[in-house]
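Both counts, for ligands and for their atoms, begin at 1 and track the order of listing.
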Amino acid sequence: MDNASKLRYDKLCTALHHHNYCYHVLDRPEISDSEYDELFRELLALEEKHPHLITPESPSHRVGAPPLKKFRQLRHVEPMLSLENATSAEDLRAFDQRLKRFLSSEADIEYICEMKLDGVAVELVYENGRLTAGSTRGDGQTGEEITANLKTIASIPLVLREPFPPRIDVRGEVYLQRQDFQEMNRLREEEGEPLFANPRNAAAGSLRQLDPAVTASRPLSIFCYGLGYAQGVDYRTHAAMLKRFEQLGLRVNLTQTRVVQGIEQAIKTFFEMESIRDTLPFEIDGMVLKVNRTDLQRELGEKSRTPRWAIAGKFPPRQETTKVESITLQVGRTGAITPVANLKPVSIGGVTVARASLHNWDEIERLDIRVGDTVVVERAGDVIPDVVKVLVKMRSGTETRIPLPKNCPVCNAAVSRIEGEVVPRCQGLTCPARLKESIKHFAAKNAMDIDGLGDRYIDQMLQKKIIRSVADLYRLHPEDLFRFERMGEKLAEKIITAIDQSRHRPLSRLLFGLGIRHVGIHLARILARQFGTLEALSTATEEELCAIHEVGPQVAMSVTTFFADNNNRRILSELKETGVEPGSDVKQSGGVFSGKTFVFTGALTLFSRQQAEQQTEQLGGRAAGSVSKKTDYVVAGPGAGNKLDRARELGITVLTEEEYLELVNKGVSNGSEESNRLF
Ligand code: IVH
């Protein structure tokens with residue numbers, strides 16, 4: 001082994017761990033993203049050349065582990081306790097009284113108030129500064145070992161900063177930001193996947209993945225707040241421990257943690273936290289109140305499952321009770337059948353709720369929900385309302401169960417539920433509901449963008465049987481539409497022109513529009529850039545597809561299955577016959593926005609958000625939802641608020657819509673194809 005390589009390797013590892021800490025824990029990067037990337041690339045190159053150098057803590061190991069068959073169980077050295085709940089100021093005062101009695105002292109107790117994050121509790125075991133194991137809470141004694149998954153979370157350090165104790169088991173909450181949760185659900189919807197009910201479920205689902213690569217693709221984060229077994233540590237207060245955690249490189253929510261004297265101040269903090277709850281980027285469901293001094297914590301000790309020195313002050317849930325009047329089964333484009341509960345309208349925190357998604361049949365079975373049931377519905381943040389539970393005692397006996405449909409509620413074709421999937425799917429290829437949804441998807445803004453071809457017209461075209469597939473759209477004449485309700489000559493011509501104009505959209509849009517399972521707009525672009533033509537993609541093998549970065553076996557199979565299907569092939573050849581000839585997509589690396597990240601905020605007036613995002617991506621850039629240090633430009637329209645403030649704080653270049661357009665026009669005239677121009 002050559003010694004210089006080993007030295008350089010260790011240096012790179014140390015540097016990367018350090019910059020990771022500056023970025024994720026301190027929120028104060030010392031180098032630019034591209035400098036970081038350069039160090040990272042150097043590390044990968046060294047690892048490839050000298051594989052024996054690789055250590056389990058290598059910064060490259062965040063995504064390296066192969067999928068598991070099943071999780072192992074891991075025993076916590078110190079049990080992971082849970083917390084008693086307080087639901088009112090009175091409960092908190094009673095807690096304080098109990099402690100005073102127990103301590104035989106009337107003196108004000110010093111408390112530390114932490115936000116109660118609504119995520120998944122985990123334990124991280126660091127031995128000699130290295131992350132050697134990580135697990136879920138499980139039953140408190142034993143959890144599931146999810147080390148490889150936890151290693152993919154960028155804010156979890158793989159090695160602690162020195163000086164570290166010989167052993168320290170740290171507890172924290174893994175969570176997803178609300179916005180990332182919404183984005184994740186949006187993509188899942190686009191790809192016909194079942195939606196997650198709330199950020200906590202999404203975080204839990206992401207952590208319990210047997211394939212760490214899936215966890216790595218989810219933007220999870222952590223806040224650490226507790227200690228399990230440890231050797232060589234002694235903190236006088238909980239606050240000092242949190243501070244020390246941060247020095248060790250662990251991420252702690254210190255900015256929103258308060259040390260207070262006496263219960264009244266703690267109660268005040270509780271209401272303050274509740275009042276800012278909706279403005280936070282993550283969900284909290286209460287405040288955790290802890291006795292700050294560790295000697296008092298020890299004196300107070302614990303009961304069988306909960307410590308005596310801490311309590312969770314829970315915010316009143318945004319819940320109401322109402323009745324399930326009926327259930328509608330919605331059939332999506334992929335045939336997925338989603339049950340939706342129609343509720344007796346009820347107001348929850350000022351918003352009227354009349355429907356709630358039941359997500360899937362596992363959820364129906366878990367809740368044992370029936371038509372006629374009285375249910376508790378909850379609205380979490382701005383998330384779709386959710387049925388939390390059924391009030392079984394309120395049943396009259398006339399409630400009816402919701403059976404798994406054997407046949408599609410729309411076309412009556414057989415319904416199948418693949419082993420391991422929770423979603424039953426209509427198998428009818430000609431199902432009108434599927435057809436309608438797939439035509440809507442084909443014509444949608446980020447697919448073929450057929451302006452003016454709304455739901456109403458698609459419905460009528462299908463009802464009057466003038467179209468049977470997306471290809472038929474391109475055979476329509478204005479006269480075909482005259483028979484429609486409220487359709488004049490002008491409007492008919494406008495729609496036909498819009499259909500006409502969509503013939504040469506970039507290949508990525510056509511691919512996305514075809515609705516191949518698991519191929520969202522992002523993957524469609526990757527495939528379009530890689531293969532260039534529909535013909536080339538249609539003959540690609542699974543191996544060729546899998547060789548592409550970001551394409552996994554599931555996508556590869558879905559693509560080859562799509563192109564092997566006779567019905568799909570017929571539609572593709574009809575599209576060709578009717579003159580649909582997609583334009584090419586710009587290569588990402590060649591685009592003028594290559595490597596640049598944009599955030600659009602405020603009310604955009606010159607173009608839609610979607611247009612701007614597509615344009616940015618076509619020129620090689622990336623459009624992100626939130627402002628971070630990785631953002632290069634923020635494009636702000638009228639009324640821009642928090643994101644604009646954040647951009648100014650971070651010193652990011654802010655552009656007006658006009659300035660953005662200037663950049664785009666420069667980029668387009670610099671050689672990108674005309675067909676890629678959106679505005
Ligand atoms: S302390 C012995 N602190 O709440 C103390 N828990 O109901 C145990 N949680 O399982 C936990 N934020 O998942 C603590 N700042 C915080 C927390 C927190 C969220 C969760 C955690 C725990 C549950 C207890």
Taking heavy atoms and a distance under 4.0 Å, where does Leu83 meet ligand 1: side chain, backbone, both or neither? both
Please check if the side chain of Thr257 supplies one atom and the backbone of Asn253 the other of a donor-acceptor pair under 3.5 Å. yes
Quick test: of every protein heavy atom, which one is nearest to atom 23 (C) of ligand 1, and how far off is it to 0.1 Å? Lys116 NZ, 4.0 Å
Under 4.0 Å from a heavy atom of Pro307: give me the atoms of ligand 1 that qualify, with their elements. 2 (C)
Around atom 22 (C) of ligand 1, find the nearest protein heavy atom and jot down its residue, atom name and distance. Tyr225 OH, 4.1 Å
Check this for me - ligand 1, Leu117, N or O atoms closer than 3.5 angstrom, yes or no? yes
Contact between Lys290 and ligand 1, counting heavy atoms under 4.0 Å? yes
Does Glu363 come within less than 4.0 Å of Arg366, counting only side-chain N to carboxylate O? yes
In terms of ring plane angle, is the pair Tyr175 and Phe223 parallel, tilted or perpendicular, where the classes change at 30° and 60°? parallel
Check Asp285 with Arg318, please: is the shortest side-chain N to carboxylate O separation under 4.0 Å? no
Return the closest protein heavy atom for atom 13 (O) of ligand 1 as residue, atom name and distance. Glu173 OE1, 2.6 Å
List every atom of ligand 1 that sits less than 4.0 Å from any heavy atom of Met115, numbering the atoms from 1 in the order shown and giving each element. 12 (N), 15 (N)
Is the shortest side-chain N to carboxylate O distance from Arg395 to Asp373 below 4.0 Å? yes
Could you tell me how the ring of Phe40 sits relative to the ring of Tyr36: parallel (under 30°), tilted (30 to 60°) or perpendicular (over 60°)? parallel
Atom 8 (C) of ligand 1 - nearest protein heavy atom and its distance: Leu81 O, 3.8 Å
Heavy atom of Arg171 under 4.0 Å from ligand 1? no
Counting each atom of ligand 1 from 1 as listed, which ones have a heavy atom of Glu114 under 4.0 Å away? 3 (N), 15 (N), 16 (C)
Are Glu302 and Arg308 ion-paired here, with the side-chain N under 4.0 Å from a carboxylate O? no
Report yes if the side chains of Arg93 and Glu264 come closer than 4.5 Å at any heavy-atom pair, otherwise no. yes
